[in-house]
2 protein chains.
Amino acid sequence: MSSSPGRSAKRATILDVAAAAGVSRQTVTRAMNDMTGIRQDTRERVQQLAREMGYTPSRYAKGLVQGARTAIGLAIPDLTNPYFPAFASSVVEMATLRGWNVVVDDFGHGSGSSLDAVKRLSPQVDAVIGYLGPSADKAQALLGQRPVVVLDEPAGLTAGGISFDYSFAAGLALERLGAIGSTRLAYLDAGPATLLSARGAAVSRAAADLGIELTVVHSRDSAEGARDAVGSLVAEYPAVDGLLTFNDLMAAGALKGLAASGRSVPRDCAVIGMDGIPLGLLITPELTTLSLDLRDVGRAAVDLLDGLLTGALPPYGAGSHLTLRHELAIRGSA
Amino acid sequence: MSSSPGRSAKRATILDVAAAAGVSRQTVTRAMNDMTGIRQDTRERVQQLAREMGYTPSRYAKGLVQGARTAIGLAIPDLTNPYFPAFASSVVEMATLRGWNVVVDDFGHGSGSSLDAVKRLSPQVDAVIGYLGPSADKAQALLGQRPVVVLDEPAGLTAGGISFDYSFAAGLALERLGAIGSTRLAYLDAGPATLLSARGAAVSRAAADLGIELTVVHSRDSAEGARDAVGSLVAEYPAVDGLLTFNDLMAAGALKGLAASGRSVPRDCAVIGMDGIPLGLLITPELTTLSLDLRDVGRAAVDLLDGLLTGALPPYGAGSHLTLRHELAIRGSA
DNA sequence: AACAAGTTCGTGAACGTTCACGAAGTATTT
DNA sequence: AAATACTTCGTGAACGTTCACGAACTTGTT
């Protein structure tokens, strides 16, 4: 059926090219890899022939004999949320510095869970860094001995991990809101209303400890979701004068929601985001946020993985888990 | 020197595990891959042993015998510019649908050129999609027979390509600016002042054709660069009342620059961006832009690559190059 | 013309795994 | 107790490449 010329069947191998050129394997190797010890005209003839036959050396055979280049997998929930590319960018940079390749899998297209991502990644990589969520332990099991660095989950489930001190962050935010006189506070969490995120839990606890009234509302993890949720929030709870959000993207949406409801930020209602992505500096007002240096996070993840891969760091041991702290970046919104 | 226990030296192979367990290769294979035909207790014993010895099957050997999974490389100038993750997200999604893996390389860390990225990618992938710029032909040479889909470059240099009809886009933008009464126009290009980008050339030509006055200024391809450049622009050319930018990120910066200079958008000066990234909806005013459906771009790139890989599409032939058109998304800024 | 030195090329082995098949052992039936 | 069926395991071959080494050919020197 296919009218494509002499295709399919099987890929051409080095032996096919050698036979066609009337030379040996080794000569073809020399021609393809620009090695020495081959006459110029044969080199060109072989290269030409290889091109015509559509020959490409098998990276598997090559890797087998030459020893492995290390490749790591990066499992990301949603490249559409600007937090993750910022993180990914830093991981890719640090990995490239070490000569590693990075295979990226984005499991946010409704196409599945982090576990599916790890399954797809598994045959191609020596290790994984990712936001794997609660199924991190299953991912580790899937990868066997290969190290995994999980972000934003409790220690111990995987070989390595990085988490964040949300109690600390929540304290900073509540302190700031108190300082500027906000007393009727709300927190906008990501995810279904039935489930409180780790960030949400920390904020609730911190508020309770300080005896501060806090309304918790929920929306999808997106700017649009946040905008709509904030619209409902101010309708039901008009007195709200301080808002903390799950992340910066939702804070941006919240800003739009507040504007649509005729509230001025920060005069009527202060807003604090979380994570400190560059987007925060482009919106109006500029976003006050609990900031994280994403380059540091990426660097820390890759450093950890490096230690795990070389064996310098004990898996599951001390030093293989890191806790980072946000700092408060005060800008226009609170 | 290293005090890590029994590490380094060489990776454990399947034979090491087999010897340690007193069984054969094949039995280890059966244990590791959860295959049938093995007793439960030997399976567990082997798995346990493998874990202790730090054994991980070589993906090269596995790939060699099982036949290749296809992996594609994605070469991106700068993951920090929100345009590229939006594009990357779509490529990753489409590739995942086909069961491909995606190796991402970001060459924007000052660490080098697109050619370096392709060099790093080459040993790991079967094909490349990327914004390779003018050195696309060299990249193709590097990859030999393997297909390359280049974005935003003229046809013919590589096996496949996708470009954009900037004349058409420029026409749309100038028409809109005319319709809302802007007559003293400026265009903010990315890159050094000595070089006019393809986008810039198209805008200049369109303006000349229409007999419209157009001032061209330059800045780095970043929001900050654009903000500063627009500050200088309004200082030197106070009458400017319409601004077109290289892309949306720079438009966002321009908006900040105009605000800092006390100009109201769109009243004092209208602004039109390019590419239609989601960010445009989060800033104030919402950005009028020459919009591209980035999911379409990613889909088109992967479709093209698929055709080239299977041989359904002739390399360098008709149908292996696509030209897409922007459409005008009218929002608040113009 | 003979020898040395350099250039060009080819052959066996190895990389680590899975596949196809056959051998041995164990349970089930007659 | 023998025959059968099933379970568990092992062995040769193959995947496609590069490395180490040696053979053949070419050129230069005495």
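Naming: A, B, ... by sequence-line order, numbering from 1 per chain. Just so we're clear, the structure is a prediction, and the values are computed from it rather than from any experiment.
Taking a cutoff of 4.0 Å between a charged side-chain nitrogen and a carboxylate oxygen, A:D41 and A:R39 qualify as a salt bridge.
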Output side-chain donor-acceptor pairs under 3.5 Å for residues 136-143 of chain A, partner residues at least two apart or in another chain, one line each.
from: A:Q140; atom 1: OE1; to: A:A159; atom 2: N; distance (Å): 2.9
from: A:Q140; atom 1: NE2; to: A:G144; atom 2: O; distance (Å): 3.1
from: A:Q140; atom 1: NE2; to: A:R146; atom 2: O; distance (Å): 3.2

Validation: residues 296-307 of chain A side-chain donor-acceptor distances under 3.5 Å, sequence neighbours left out:
from: A:D303; atom 1: OD1; to: A:R98; atom 2: NH2; distance (Å): 2.7
from: A:D306; atom 1: OD2; to: A:R98; atom 2: NE; distance (Å): 2.5
from: A:D306; atom 1: OD2; to: A:R98; atom 2: NH2; distance (Å): 3.3

When the side chains of residues 45-54 of chain A are checked against the rest of the protein, which donor-acceptor pairs come out under 3.5 Å, sequence neighbours left out?
from: A:R45; atom 1: NH1; to: A:A21; atom 2: O; distance (Å): 2.9
from: A:Q47; atom 1: NE2; to: A:A31; atom 2: O; distance (Å): 3.0
from: A:Q48; atom 1: OE1; to: A:R51; atom 2: NH1; distance (Å): 3.1
from: A:Q48; atom 1: NE2; to: A:E52; atom 2: OE2; distance (Å): 2.8

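Remark: B:L64, B:V65 in residues 43-66 of chain B come within less than 4.0 Å of DNA chain D through at least one heavy atom. In the region residues 20-40 of chain A, proximity to DNA chain C at under 4.0 angstrom, judged on heavy atoms, holds for A:G22, A:V23, A:S24, A:R25, A:Q26, A:T27, A:R30, A:G37, A:I38, A:R39.
Residues passing the side chain to side chain contact (heavy atoms under 4.5 Å, CB included) test with B:A95, sequence neighbours excluded: B:I72, B:W100, B:V102. Not a single side-chain hydrogen bond (donor to acceptor under 3.5 Å, both in side chains) links B:T323 to another residue, sequence neighbours left out. Under the side chain to side chain contact (heavy atoms under 4.5 Å, CB included) criterion, B:N33 pairs with B:T29, B:M35, B:K62, not counting sequence neighbours. Considering only residues two or more places apart in sequence or on other chains, A:S135 meets the side-chain hydrogen bond (donor to acceptor under 3.5 Å, both in side chains) condition with A:S114. Partners of A:R59 by salt bridge (charged side-chain N to carboxylate O under 4.0 Å, His left out), not counting sequence neighbours, listed by chain and number: B:D126.
Applying the ring pair (Phe, Tyr, Trp, His ring centres under 6.0 Å) test to pairs two or more places apart or on separate chains, those with a residue in residues 65-86 of chain B are B:Y83-B:Y131, B:F84-B:Y131.
For C:dT17, one of the phosphate oxygens OP1 or OP2 lies less than 4.0 angstrom from a side-chain nitrogen or oxygen of B:T13.
Residue B:D41 contributes atom CG, which lies 16 Å from atom P of D:dT7 at whole-angstrom precision.
Direction change of the helix axis from one end of the helix from C:dA1-D:dT30 to C:dT30-D:dA1 to the other is 40°, with five pairs defining each end axis (rounded to 10°).
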